[in-house]
Amino acid sequence: MKRSEAKNRINELTDLLNEHGYRYYVLDDPIISDEQYDLWMRELIELEEQYPDLVRPDTPTQRVGGEPLPYFAKVEHKTPMLSLSNAFSEEELREFDQRIRKATGRKKIAYVCELKIDGLAVSVRYQEGVFALGATRGDGQTGEDISQNLKTIRSLPLRLKRPDTLEVRGEAYMSKQAFQKLNRTREQNGEPLFANPRNAAAGSLRQLDPKLAAERSLDLFVYSLDQIESDKEFTTHTEVLQYLKELGFKVNPEYQRVEDMESVFAFIEKWTEKRKELPYEIDGIVIKVDDLRLRTQLGATAKSPRWAIAYKFPAERAITVLKEIELNVGRTGVVTPTAILEPVLLAGTTVKRASLHNEEMIKEKGIRLGDHVVVKKAGDIIPEVVEVLVDRRTGDERPFSMPTQCPACSSPLVRLQGEVALRCLNSSCPAQIREGIIHFASRGAMNIEGLGEKVVTQLCHHGLIQNVADLYQLTKEQLVSLDRMGPKSADHLLDAIEKSKQNSLERLLFGLGIRFIGLKGAKILAQHFRSMENLMKAKWEDLIALEEIGPKMAESVIAYFARPENQVIINRLKQAGVNMEFLGATPSASDSILAGKRVVLTGTLQRYSRQEATELLERLGAQVTKTVSRKTDIVIVGERAGSKLKKAQELGLPIWDEETFREKLAAVDFL
């Protein structure tokens with residue numbers, strides 16, 4: 001291809017990919033297949049590699065993240081990024097309204113109510129319509145340049161629909177689904193968990209390696225226009241929001257213009273009830289004066305604008321006594337402290353334990369044994385200690401310090417470079433062995449029904465198992481000797497252990513607990529190498545050549561298979577009849593109606609668990625997703641199907657009941 005032709009094609013592909021990315025990530029209305037998008041993207045990457053000087057600043061290939069940064073440069077905000085003053089009651093909101101009416105001389109004020117996204121405030125500049133700079137709030141006057149990380153957010157346009165020079169403000173956030181997925185991966189890799197989506201989003205945008213930020217699936221809502229070099233004039237905030245949408249920004253659709261405070265209270269009441277239905281976290285409602293001229297008249301204090309206020313949802317909290325700190329050793333050796341509390345009722349449940357995350361949190365909060373503490377549910381789910389009531393101390397409280405030896409095996413605890421957590425490195429540690437066996441039997445791994453935490457604990461305690469290979473040598477006589485394990489339960493467990501031998505290779509790899517290898521990594525390895533034997537022979541270069549297998553993952557795999565004790569376990573598993581091959585899509589499946597289809601499961605199936613149905617679909621070449629959209633090909637519904645079925649009906653998608661699903665399986669001999 002000639003240079004002139006390459007330039008034209010690069011421009012064409014860049015415009016095409018940006019437009020279809022906008023339709024997918026902002027409008028949620030794709031009109032082309034993922035396959036077509038990926039084909040164009042590969043073509044663009046190849047052309048950019050041939051002609052690097054023709055790469056446009058708004059190229060979508062930047063979305064995957066560039067080279068690691070040495071540090072974040074400082075950015076002076078052209079206008080301060082002020083924080084909002086808070087209100088916690090109806091009375092405080094009425095006082096805010098009275099101040100506005102008194103200062104402006106107006107009897108009635110129109111407000112815009114917006115959801116307060118629980119994320120990280122950012123400022124983004126565009127030069128003649130092209131992304132130029134992105135920064136954090138920092139102290140309000142000076143932030144940090146996080147441009148490379150912001151570029152990885154696919155809903156943020158790199159080129160606007162119009163060539164405007166402007167600056168916008170917005171909130172970067174992580175969805176509930178992305179947050180849960182991230183923490184599951186971190187748990188599988190033995191890494192400390194993020195406390196909430198806000199911390200996860202902030203931590204992701206402040207990664208010096210943009211590739212890590214790209215993996216975190218961040219999103220962004222833009223909520224204000226700070227500056228614009230144009231003769232265009234706006235009179236209301238409502239007009240500004242509409243204009244931002246026209247430029248290609250993702251604006252939260254759940255805003256409302258209201259004419260009085262009663263309508264403000266109605267909006268607050270509505271979203272106090274409905275906020276759990278949202279796919280992202282909100283921690284309140286922002287109330288802004290709609291009239292921009294009145295905003296200028298009202299001005300701002302040194303810290304916050306006088307024309308806006310944030311109503312904060314009351315987080316349910318409780319006060320109790322922290323009795324002890326229990327230390328738990330995970331399967332990767334990380335020692336995690338947990339607060340043991342005087343039982344207290346919180347958000348409808350009795351809380352006896354709460355997360356302390358790590359030693360740094362204990363030091364930061366100054367926690368002592370016997371302290372009165374404030375406990376809340378992070379994201380209304382996980383109890384955590386948020387505050388120590390120092391004024392309630394009697395002098396009987398005792399300082400706490402983390403041990404220097406493992407509480408399970410007495411080996412020295414170490415803190416690896418770059419980690420906060422203390423870790424036991426003894427691979428023979430009984431606590432790690434127990435947790436590893438529990439993980440091996442879990443639903444996402446070998447799925448051995450009936451082999452839960454209590455049964456594994458008993459088996460380890462009585463010396464019946466010392467590693468996962470021992471599970472396949474258990475006898476009925478051994479099992480019935482356990483507490484609450486009768487002959488029938490023993491038979492069921494032995495059947496489940498026997499059934500697990502037929503699992504595909506990726507489940508076994510995940511179950512072995514190789515550090516940094518989660519479900520996705522295990523599947524990539526299984527699909528490529530096809531057998532345990534091939535994988536064990538793989539070299540570092542073979543592993544690193546695979547997409548999404550990074551250096552740390554490759555090193556971990558090599559190190560795992562190099563240990564003689566692991567080789568013995570794998571050999572024993574093989575001798576016991578555990579499958580060591582990848583059971584991917586079969587030739588008959590590749591020709592099935594499900595090959596290449598995006599399928600959503602909803603409701604309860606009678607003959608299959610959700611996991612079993614997913615595996616069957618994947619073996620037939622289907623891609624199982626959680627969200628119904630225009631890109632979904634088939635929705636399979638069971639009993640008590642809810643909103644996903646309704647959305648599928650609204651979109652006119654093909655809907656199968658369980659009987660239809662079974663017919664399709666039978667057609668390719670999958671029953």
Problem - Side-chain touch Leu505/Leu535, heavy atoms, less than 4.5 angstrom - result: no
Handout entry: Side chain to side chain, Val390 and His372, heavy atoms closer than 4.5 Å
Key = no
Handout entry: Glu533 atom CD, over 12 foreign heavy atoms within 6.0 Å
Key = no
Problem - Phe313 six-ring face occupied by Arg275 cation (under 6.0 Å, within 45°) - result: yes
Exercise for the section: Report yes or no: does Gln466 contribute a side-chain atom to a donor-acceptor pair with the main-chain N or O of Gly463 at less than 3.5 Å? Expected result: no
Exercise for the section: Determine yes or no for a side-chain-to-main-chain donor-acceptor pair under 3.5 angstrom, with Ser556 supplying the side chain and Lys552 the backbone. Expected result: no
Exercise for the section: Indicate yes or no for a side-chain donor-acceptor contact from Lys501 to the backbone of Ala576 under 3.5 Å, with no hydrogens or angles considered. Expected result: yes
Handout entry: Pair Glu506, Ser504: side-chain N/O donor-acceptor within cut-off below 3.5 Å
Key = yes
Practice task
Please check if atom NZ in Lys365 has more than 12 non-hydrogen atoms from other residues, nucleotides or ligands closer than 6.0 Å.
Solution key: yes
Exercise for the section: Flag the pair Val600 / Val624 as yes when at least one side-chain heavy-atom distance between them is below 4.5 Å, and no otherwise. Expected result: no
Fill in the blank from the handout: In terms of heavy-atom contacts, Ala445 and Gly511 come closest through CB-CA, 3.6 Å
Handout entry: Glu449, CD: over 12 other non-hydrogen atoms inside 6.0 angstrom
Key = no
Practice task
Using a strict 4.0 Å threshold on nitrogen-to-oxygen distance, state whether Glu324 and Arg353 make a salt bridge.
Solution key: no
Handout entry: Modelled atom types, side-chain donor and acceptor of Asn534 and Ser531, under 3.5 Å
Key = yes
Exercise for the section: Taking the side chain as every heavy atom from C-beta outward, state whether Leu474 and Leu464 have any atom pair closer than 4.5 Å. Expected result: yes
Handout entry: Contact check, side chains of Ile362 and Ile325, non-hydrogen atoms, under 4.5 Å
Key = yes
Handout entry: Short side-chain to backbone donor-acceptor contact, Gln458 and Val456, under 3.5 Å
Key = no
Practice task
Please confirm whether His439 and Phe510 have ring centers closer than 6.0 angstrom.
Solution key: yes
Exercise for the section: Determine whether the side chains of Thr457 and Arg434 contain a donor N or O and an acceptor N or O closer than 3.5 Å. Expected result: yes
Handout entry: Exceeds 12 heavy-atom contacts within 6.0 angstrom, atom CD of Gln567
Key = yes
Exercise for the section: Taking the side chain as every heavy atom from C-beta outward, state whether Arg368 and Arg398 have any atom pair closer than 4.5 Å. Expected result: no
Handout entry: Side-chain touch Leu493/Met485, heavy atoms, less than 4.5 angstrom
Key = yes
Handout entry: Spacing of NZ belonging to Lys181 relative to CE belonging to Met174, to within rounding of 0.5 Å
Key = 10.5 Å
Handout entry: Flag, side chain of Lys644 to backbone of Lys626, donor-acceptor distance under 3.5 Å
Key = yes
Handout entry: Backbone of Gln502 reached by a side-chain donor or acceptor of Asn579 within 3.5 Å
Key = no
Practice task
Look at atom NE2 of His461 and say whether more than 12 heavy atoms of other residues, nucleotides or ligands are closer to it than 6.0 Å.
Solution key: no
Handout entry: Pairing of Glu419 and Arg423 as salt bridge, 4.0 angstrom limit
Key = yes
Problem - Test item: Ile549 and Ile524 side chains (from C-beta on) under 4.5 Å apart, heavy atoms - result: yes
